[in-house]
There are 4 protein chains.
Amino acid sequence: MRKTPRQARSREMVERIVAAGREVLVTDGYDAFSTNRVAAAAGISPGSLYQYFPDKAAILDVVIDRYTEQTADRVAAAMADRMGGAGLDVVRDIVDALVSALEADRALLHVVAEQLPLARSKARREALEQRVRGLASTYLIARPEHSRRPVPAVSTWVTVLAIENLATRWVLDQPDITRDQLLDEIVAMVSGYLLS
Amino acid sequence: MRKTPRQARSREMVERIVAAGREVLVTDGYDAFSTNRVAAAAGISPGSLYQYFPDKAAILDVVIDRYTEQTADRVAAAMADRMGGAGLDVVRDIVDALVSALEADRALLHVVAEQLPLARSKARREALEQRVRGLASTYLIARPEHSRRPVPAVSTWVTVLAIENLATRWVLDQPDITRDQLLDEIVAMVSGYLLS
Amino acid sequence: MRKTPRQARSREMVERIVAAGREVLVTDGYDAFSTNRVAAAAGISPGSLYQYFPDKAAILDVVIDRYTEQTADRVAAAMADRMGGAGLDVVRDIVDALVSALEADRALLHVVAEQLPLARSKARREALEQRVRGLASTYLIARPEHSRRPVPAVSTWVTVLAIENLATRWVLDQPDITRDQLLDEIVAMVSGYLLS
Amino acid sequence: MRKTPRQARSREMVERIVAAGREVLVTDGYDAFSTNRVAAAAGISPGSLYQYFPDKAAILDVVIDRYTEQTADRVAAAMADRMGGAGLDVVRDIVDALVSALEADRALLHVVAEQLPLARSKARREALEQRVRGLASTYLIARPEHSRRPVPAVSTWVTVLAIENLATRWVLDQPDITRDQLLDEIVAMVSGYLLS
DNA sequence: CATGAATGAGGGTTCATTCAT
DNA sequence: GATGAATGAACCCTCATTCAT
């Protein structure tokens with residue numbers, strides 16, 4: 001009677017390595033993300049990494065993937081939840097969810113957004129943006145009274161990008177702006193924009 | 001009779017190295033930005049770099065500085081030029097100037113925005129943003145009828161960040177949006193926001 | 001009721017591993033001859049190899065042994081068969097048998113002769129040569145009229161070595177020489193030599 | 001006044017590395033021929049190797065080339081010297097020169113012939129053989145009375161290969177055969193062969 | 001016996017930096 | 001100042017071997 005079947009053990013190690021990778025990234029930064037360091041953090045030998053990942057880049061990819069997916073899931077969940085609400089509240093709730101998601105792992109966000117060559121996470125982020133744009137479009141099409149902008153694809157592109165960036169920068173740079181102010185302003189911006 | 005006093009010669013070399021660094025970045029990408037490569041591109045020996053820069057990072061910093069300053073100057077000039085204009089046109093003209101400035105060296109923008117660890121250019125970019133925010137604030141204070149937002153510092157933070165990001169992404173990602181559309185949308189967003 | 005006593009099972013596994021080793025050698029070359037690869041080819045786990053062989057070298061040794069023995073057996077058989085024949089035909093037949101034996105597994109010959117450190121197969125090859133020299137000496141002593149050379153041990157050393165090398169190189173390098181030409185020349189060389 | 005112009009210093013280092021490579025090969029064998037070991041033997045740091053050689057293989061190649069060329073030169077010189085002599089003496093002298101050349105660095109011959117994957121030195125050796133065959137052909141064409149063999153290209157192939165191999169093995173294996181015996185036998189073999 | 005995950009020393013190579021010339 | 005050869009720590013990765021299961 002095996003407590004941990006092979007498959008599960010393997011998953012466990014992958015998780016351990018990914019966690020170690022995340023830790024190294026957060027603690028020591030991207031430049032210190034070496035295979036030796038990750039292995040040490042995972043409490044295994046360097047060679048063992050290669051039983052679970054083809055190379056160093058693959059480890060990093062999974063760490064970033066995990067993070068991106070997690071963030072995306074939270075936002076998507078909030079969007080799905082709130083889509084039914086009244087116009088302005090919807091925006092506010094979604095942005096709130098996004099900010100919360102970004103705040104959930106500010107340390108890693110810091111590394112991902114500021115230390116990583118952006119190219120490495122670009123594909124993932126664009127997938128996320130695509131996903132969000134899809135949801136937003138659906139919403140806007142369903143409630144045309146919420147937007148007077150002529151080309152929905154363009155408005156969603158603009159909106160999603162602006163929100164994403166403002167939220168990210170707010171979380172990272174912690175400017176002298178309260179969370180409520182931020183939400184107010186973003187709501188004002190989005191509604192002012194869509195209805196202008 | 002020295003034609004080029006030491007100071008001047010030194011400046012010349014710094015420029016040459018910076019130009020070489022820029023070239024390497026644009027031609028070969030950030031990963032190829034090695035001291036050897038930069039020295040070769042500058043036509044000097046690797047050791048000589050260290051007479052003008054303390055280390056490799058310092059070279060990169062100046063390359064980015066140059067780029068940022070140059071971009072900032074163009075935008076600031078446009079802002080100074082147009083500040084007198086009518087409300088909406090001012091925004092449009094400034095954004096137009098920003099997009100032009102970003103397009104002026106798309107190759108380097110690509111490297112700076114997507115290959116470099118963002119942190120490296122962060123300080124410089126924030127200086128630029130600060131500068132722009134200053135101008136914008138002055139403007140808004142001078143013409144209070146253009147904004148109904150309660151906290152000018154917050155509105156400028158939001159506005160500047162949103163514009164910067166949208167312009168950058170538009171230049172880099174070349175989405176299926178015309179330049180005029182982009183300007184229209186940004187103007188709509190900003191004016192809708194400030195007046196809501 | 002055990003069908004395969006331990007001893008037999010063990011022999012079976014050794015054979016399987018040796019066969020796998022041979023296969024790896026022939027298919028992927030000496031550089032790919034890793035314990036992992038051999039184990040995979042044998043359908044067993046890397047660790048199991050060490051139940052049958054003390055280390056990687058030992059596997060290779062046996063693979064080469066098998067090959068050498070096999071080749072030796074064919075040649076020895078031919079020699080035993082033809083020893084009774086007339087002088088020149090004997091040589092021709094033996095060389096013919098040798099060439100055939102070498103051609104039988106040209107792929108492995110290629111690896112053994114050109115990729116392996118020669119030292120690894122040296123002992124085995126010398127054993128073979130010894131065996132052939134023994135047969136040849138016996139023959140020459142029995143028929144002294146076939147050789148005018150003063151020291152039989154020397155003549156056999158020379159003859160065996162020359163024949164072995166010429167046959168091997170002919171098979172491997174496939175020079176622009178027909179098989180009959182090769183045999184003719186070797187016969188001419190040996191008879192010319194022994195009778196001079 | 002520079003004692004050692006750049007070019008010369010560079011050559012010096014190359015020589016030093018090649019010598020170190022040779023030393024490692026001879027002292028520790030092919031398996032120990034690692035860049036670290038070669039660098040240590042050369043008294044330089046591992047990184048310095050790469051200022052003079054693109055990779056490890058290139059070092060090895062030059063070591064072998066040096067050896068092969070040196071050997072080839074000696075033999076070619078002897079051939080050029082003796083070509084004018086009387087038939088049998090020519091052969092004897094050339095073989096003598098070959099044996100001397102091989103004996104000159106028996107330690108390295110040992111490594112090159114027995115530890116290296118033959119493929120690595122094959123091209124070089126074939127070039128040497130080609131060169132010798134060329135000389136031999138010229139000779140045989142000039143003095144047709146020295147050979148009754150029908151196809152000169154074939155006879156030279158056979159002769160050169162046989163001599164090379166016998167000489168090499170004699171030097172390496174040091175069988176119980178005197179040098180004079182060896183020369184006698186080879187002369188007997190070659191003359192017996194060519195005139196049969 | 002069989003397994004195969006884990007090991008870890010060692011491999012080849014790069015490159016920011018130094019320093020004797 | 002200028003040079004560029006030399007450095008050497010650190011990089012990523014491999015694979016023969018072991019040992020807990």
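All chains are named by letter (A, B, ...) in the order of the sequence lines, taking the proteins before the strands, and each is independently numbered beginning at 1. Below, each value reflects all heavy atoms present in this structure, side chains not excepted, and no hydrogens, waters or symmetry copies.
Rounding to whole angstrom units, OH of residue C/Y30 and C1' of F/dC15 are separated by 13 Å. Separating the CZ atom of C/R16 from the C1' atom of E/dC1 is a distance of 13 Å, rounded to the nearest angstrom. In this structure, B/F53 atom CZ and E/dA16 atom C1' are separated by 15 Å, rounded to whole Å. The nearest whole Å value for the distance from the CD1 atom in B/I44 to the P atom in F/dT3 is 7 Å. The CZ-C1' distance, from B/R11 to F/dG1, rounds to 19 Å in whole Å. Atoms CE (B/M13) and C1' (F/dT3) sit 11 Å apart, rounded to a whole Å. Here the P atom of nucleotide E/dG12 and the CG atom of D/L49 are 10 Å apart, to the nearest Å. The CD1 atom of C/I59 sits 15 Å away from the P atom of F/dC15 (whole-angstrom rounding).
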Can you list, pair by pair, the side-chain donor-acceptor contacts under 3.5 Å of residues 15-29 of chain A, counting residues two or more places apart and other chains?
from  : atom 1 : to     : atom 2 : distance (Å)
A/E15 : OE1    : A/R66  : NH2    : 3.3
A/E15 : OE2    : A/R11  : NH2    : 3.3
A/E15 : OE2    : A/R66  : NH2    : 2.5
A/R16 : NE     : A/A42  : O      : 3.0
A/R16 : NH2    : A/A42  : O      : 3.2
A/R22 : NH1    : A/D105 : OD1    : 2.9
A/R22 : NH1    : A/D105 : OD2    : 2.2
A/T27 : OG1    : A/E23  : O      : 2.7
A/D28 : OD2    : A/R37  : NH1    : 3.4

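Distance from the side chain of A/Q51 is smallest for E/dA5 among the nucleotides F/dC13, F/dG1, E/dA5.
A/V112 places none of its side-chain heavy atoms less than 4.5 Å from the side chain of A/Y30. Proximity of A/T35 to A/P46: side-chain heavy atoms (C-beta onward) are nowhere separated by under 4.5 Å. Inter-residue side-chain proximity for D/Q115 and D/D31 is flagged as unmet; no heavy-atom pair is nearer than 4.5 Å.
Proximity of C/Y52 to the phosphate of E/dA2: a side-chain N or O atom is located under 4.0 Å from OP1 or OP2.
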Pairing annotation in dot-bracket form, given for DNA chain E with Watson-Crick or G-U pairs under 3.5 Å and | for cross-strand partners: .||||||||||||||||||||
Identify the pairs formed between an N or O of the protein and an N or O of nucleotides 8-11 of chain F at a distance under 3.5 Å, and give each distance.
from  : atom 1 : to    : atom 2 : distance (Å)
F/dG8 : N7     : D/S45 : OG     : 2.9

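Of the two residues contacting DNA chain F, namely A/Y50 and C/A57, the nearest-nucleotide position lying further toward the 5' end is that of A/Y50. Comparing B/D55 and D/P54, the nucleotide of DNA chain E nearest to each residue sits closer to the 5' end for D/P54.
Within the 3.5 Å criterion, the main-chain N or O of C/I64 finds no donor-acceptor partner in the side chain of C/D61.
The shortest non-hydrogen separation linking D/F33 to D/K56 is O-NZ, 2.9 Å. Nearest heavy atoms, D/L172 versus D/R106: CD2-O, 4.4 Å. Counting all heavy atoms, side chain and backbone alike, C/A39 lies closest to C/S45 at CB-C, 3.8 Å.
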